[in-house]
Number of protein chains: 2
Amino acid sequence: MKENMSEAPVGLRERKRAKTLALIQTEAIRLFIERGFEATTLADIAEAADVSARSLFHYFESKEEIVFSARANFPALIAEAVGRRPADEPLLDMVENALVDTAARYGSPQTKILGRLVRDTPVLRAREQAKYEHVERALAEALADRIGLPAPDTKCRVTAVTAIGILKLSVEAWLATEDSGAEMHFRAAFAELRRIAC
Amino acid sequence: MKENMSEAPVGLRERKRAKTLALIQTEAIRLFIERGFEATTLADIAEAADVSARSLFHYFESKEEIVFSARANFPALIAEAVGRRPADEPLLDMVENALVDTAARYGSPQTKILGRLVRDTPVLRAREQAKYEHVERALAEALADRIGLPAPDTKCRVTAVTAIGILKLSVEAWLATEDSGAEMHFRAAFAELRRIAC
DNA sequence: TGCAATCTTGCATAGATCGCAATATTACCA
DNA sequence: TGGTAATATTGCGATCTATGCAAGATTGCA
C-alpha cells in the first residue's frame, strides 16, 4: 500500500487529476459568477472543463461542493488556531483570539467573491449555514482538547456556539464592506458580547 | 377580495383543503418515521394520502416542507414572547425569558418525535440549520423593536445569535433526554454563558 | 341554473445524481 | 519492453424532485 499522505502529486495520474480538478473548479466558478449558480447546469460545466458530465461526480460530491471546496477548510483552521493559544487563557479570549488569527490567514480576494456568491444564492447560503454546524462541533472539541478535557462540556459548547454566531455576523458585515480583513468586525462583536452578558 | 385572515375555514372548499393538507401531512410523517425520509418517495406519499403526486406541490413547497410545516412557527412565537417582556429588562434576560416562555408553549410529544426525525436525517438537519437563520433575524428584529430601535443594531444582533446558539444546544440536549420541556436546559446554558463572558 | 374562480390531475420536461459496464489510460513488475 | 493489474473516463439508463401547461372537475355565488 502506498503511503503518500499530503505529499505533492508525484505520478502522472495524480498530477493529471489535480489539474482536472482545478480546471473544473475554475471554470465552474467562472460560470457561476457570470450567469448565476442555478442558471449553470452540470452540462455547462462539463463542456467548459472539457470532461463528461458523468466525470464531475468523480471529482465533486455535488454541484454545491464545487463552490465550497474552493474555500479554506474552516474547522481545521480554527482548531489549529486554538491549538496555538495558551492553555490557561480564559475561554472567551481563547476563541476570540483564535478567530481573529484565523481570519488573518483566511482572507483572499477570491474568498470575498465566493462569499458573496454564497450569500446571494439561497441554496448555497442554506448549505453554508448547515456547514457552520460542523465548525461549531470542531471548535467545541478543539476548546475541550486545549483545556485538557476528553470531550466538550457545556462550557465549551456554549463558548463555541457563541463564537460561531459572532463569526457569522462578522463575516456578513465584512462581506458588505470593502475591508480586506474581518478582524475589526470580530473585535467589535466580542466587545459587544461582553457588554451584554455582564 | 376576501378578508378572512386566520379564521376557521368556512366554505366547503376551504374545509376540504384543510382536511387534505392535514391528511397528507399525517400520512407523510407516518411514512417518514416508518421507513425513513429518504426512503419515502413523493409517489408513496401521494398514494397514501390518495391524491396525485402533482397535487402535493399545491399543498407544500417541497418534500422537506411537509415536515417543517408540522412544527410550530418559531420565529413568530419568539417575536411574540419578546413582545411580552418589559421593555426595560436587560437584553440578555429578555431573550432568556422569552425563550423559556416559548419553550413552555412549544413542547408536544409530536414535537420531540419530529425533532428526532430531523436530527437523524441529514437533509432535514441541514435545512433546519438554514431555518435558524430566519429565527435569528426575526429575534434580532423583535429585540430592536422591543427596545425602541427602528432596526437591529450590533447589540441586538449579537444577543440574537447568542440566544439562538443556546437554543440549538438546548434543543439538542433536550432531544437526547426524556424530559418533557427544555426550560432547564436553557437556564443552564444561559447561566454558563454569563459565567464565561464575565 | 349557469358563469367565474379555483382545484385536481395527467403529461411532458428539466436537472441532479447514481449504478453499471465498456473502454481507455497509467502503474509497475518481470 | 511487454503485459497485466489498478484506476479513470465515459455513455447509457434509471430514479427522484420539481415545475409548466392545459384539460377537466368542483365549488362559490349571483
Side-chain angles (χ1 to χ4, degrees), chain A residues 1-4 7-25 27-29 31-32 35-69 121-124 126-127 130, chain B residues 1-4 7-25 27-29 31-32 35-69 121-124 126-127 130:
Chain A
M1 191 175 280
K2 266 290 200 51
E3 301 287 336
N4 291 24
E7 295 302 317
V10 57
L12 171 61
R13 192 167 268 167
E14 278 130 304
R15 264 178 290 138
K16 216 168 170 182
R17 181 176 178 81
K19 201 185 290 183
T20 306
L21 190 136
L23 181 61
I24 294 174
Q25 214 168 46
E27 291 299 303
I29 288 175
L31 290 173
F32 292 160
R35 27 175 130 154
F37 181 80
E38 311 268 13
T40 305
T41 71
L42 293 178
D44 296 336
I45 301 171
E47 196 194 337
D50 199 39
V51 294
S52 75
R54 189 62 185 80
S55 289
L56 293 179
F57 291 97
H58 291 306
Y59 286 91
F60 299 96
E61 280 181 15
S62 68
K63 195 179 161 190
E64 280 105 359
E65 274 310 304
I66 302 181
V67 175
F68 291 114
S69 68
T121 307
V123 204
L124 293 177
R127 191 164 287 227
Chain B
M1 188 175 282
K2 266 283 203 57
E3 301 286 335
N4 291 27
E7 295 301 317
V10 56
L12 171 61
R13 192 166 270 167
E14 278 131 303
R15 263 177 291 137
K16 217 169 169 182
R17 181 177 179 81
K19 201 185 290 182
T20 306
L21 190 137
L23 180 61
I24 294 174
Q25 214 168 46
E27 291 299 303
I29 289 175
L31 290 173
F32 292 159
R35 26 176 131 155
F37 181 80
E38 311 267 13
T40 305
T41 72
L42 292 176
D44 296 336
I45 300 171
E47 195 194 338
D50 198 38
V51 293
S52 75
R54 189 62 185 82
S55 289
L56 294 179
F57 291 98
H58 291 306
Y59 287 91
F60 299 95
E61 280 181 15
S62 68
K63 195 180 163 190
E64 280 107 358
E65 274 310 305
I66 302 181
V67 175
F68 291 114
S69 69
T121 308
V123 205
L124 293 176
R127 191 164 285 229

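Lettering follows sequence order; numbering is per chain, from 1. A quick note: this is a predicted structure, and the numbers were derived from the prediction, not measured.
The list of salt bridge (Lys or Arg N to Asp or Glu O under 4.0 Å) pairs with a residue in residues 46-60 of chain A, not counting sequence neighbours, is empty. Residue pairs meeting the salt bridge (Lys or Arg N to Asp or Glu O under 4.0 Å) criterion with at least one member in residues 16-25 of chain A: none, sequence neighbours excluded.
Remark: Val51(A), Ser52(A), Arg54(A), Ser55(A) in residues 48-57 of chain A come within less than 4.0 Å of DNA chain D through at least one heavy atom.
Residues forming a side-chain hydrogen bond (donor to acceptor under 3.5 Å, both in side chains) with Ser69(A) (at least two apart in sequence, or on another chain): Gln25(A). Residues meeting the side-chain hydrogen bond (donor to acceptor under 3.5 Å, both in side chains) test with Ser55(B), sequence neighbours left out: Ser52(B). With sequence neighbours excluded, the residues satisfying side chain to side chain contact (heavy atoms under 4.5 Å, CB included) with Ala48(A) are Glu27(A), Arg30(A), Leu31(A). With sequence neighbours excluded, the residues that form a side chain to side chain contact (heavy atoms under 4.5 Å, CB included) with Ala130(B) are Ala126(A), Gln129(A). Every salt bridge (charged side-chain N to carboxylate O under 4.0 Å, His left out) that Glu65(B) has, sequence neighbours left out, goes to Lys131(B).
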Please report, to 0.1 Å, the donor-acceptor pairs under 3.5 Å made by any side chain of residues 36-44 of chain A, with sequence neighbours excluded.
from, atom 1, to, atom 2, distance (Å)
Thr40(A), OG1, Gly36(A), O, 2.7
Thr41(A), OG1, Ala43(A), N, 3.3
Thr41(A), OG1, Asp44(A), N, 3.2
Thr41(A), OG1, Asp44(A), OD2, 3.4
Asp44(A), OD2, Arg35(A), NH1, 3.2
Asp44(A), OD2, Thr41(A), N, 3.0

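The distance between atom CD of Glu14(B) and atom P of dC29(D), rounded to the nearest whole Å, is 9 Å. Per the geometry, CG belonging to Leu124(B) stands 14 Å off C1' belonging to dT17(D), to the nearest Å. When rounded to the nearest whole Å, the span between CZ of Arg17(A) and P of dA8(D) equals 6 Å. Nucleotide dG19(C) holds its P atom 11 Å from the NE2 atom of His58(A), rounded to whole Å. Per the geometry, NZ belonging to Lys19(B) stands 13 Å off P belonging to dT8(C), to the nearest Å. Between Arg15(A) atom CZ and dA8(D) atom C1' the separation is 16 Å, expressed in whole Å. Separating the NZ atom of Lys63(A) from the P atom of dA16(C) is a distance of 4 Å, rounded to the nearest angstrom. Put simply, CG on Leu21(B) is 10 Å from P on dT8(C), counting in whole angstrom units.
Looking at Phe60(B) and Leu21(B), their side chains come closer than 4.5 Å, going by heavy atoms from C-beta outward. Phe68(B) has its side chain within reach of Leu124(B): a pair of non-hydrogen atoms, C-beta onward, lies under 4.5 Å apart. Side-chain atoms of Ile45(A) and Ile66(A), non-hydrogen and from C-beta on, do get closer than 4.5 Å to each other.
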Identify each atom pair where a protein N or O and an N or O of nucleotides 1-7 of chain D are less than 3.5 Å apart, giving names and distance.
from, atom 1, to, atom 2, distance (Å)
dT7(D), O4', Arg13(A), NH1, 3.1

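For Tyr59(B), the side-chain atoms get nearest to dT8(C) when compared with the rest of dT27(D), dA16(C), dT8(C).
Within the 4.0 Å cut-off from OP1 or OP2 of dT26(D), not a single side-chain nitrogen or oxygen of Lys16(B) is found.
Pairs of Watson-Crick or G-U wobble type, with distances under 3.5 Å, assemble into runs of 3 or more in DNA chain D at these ranges: C:1-30 with D:1-30.
If you check every strand for non-hydrogen atoms under 4.0 Å, Thr20(B) touches nothing.
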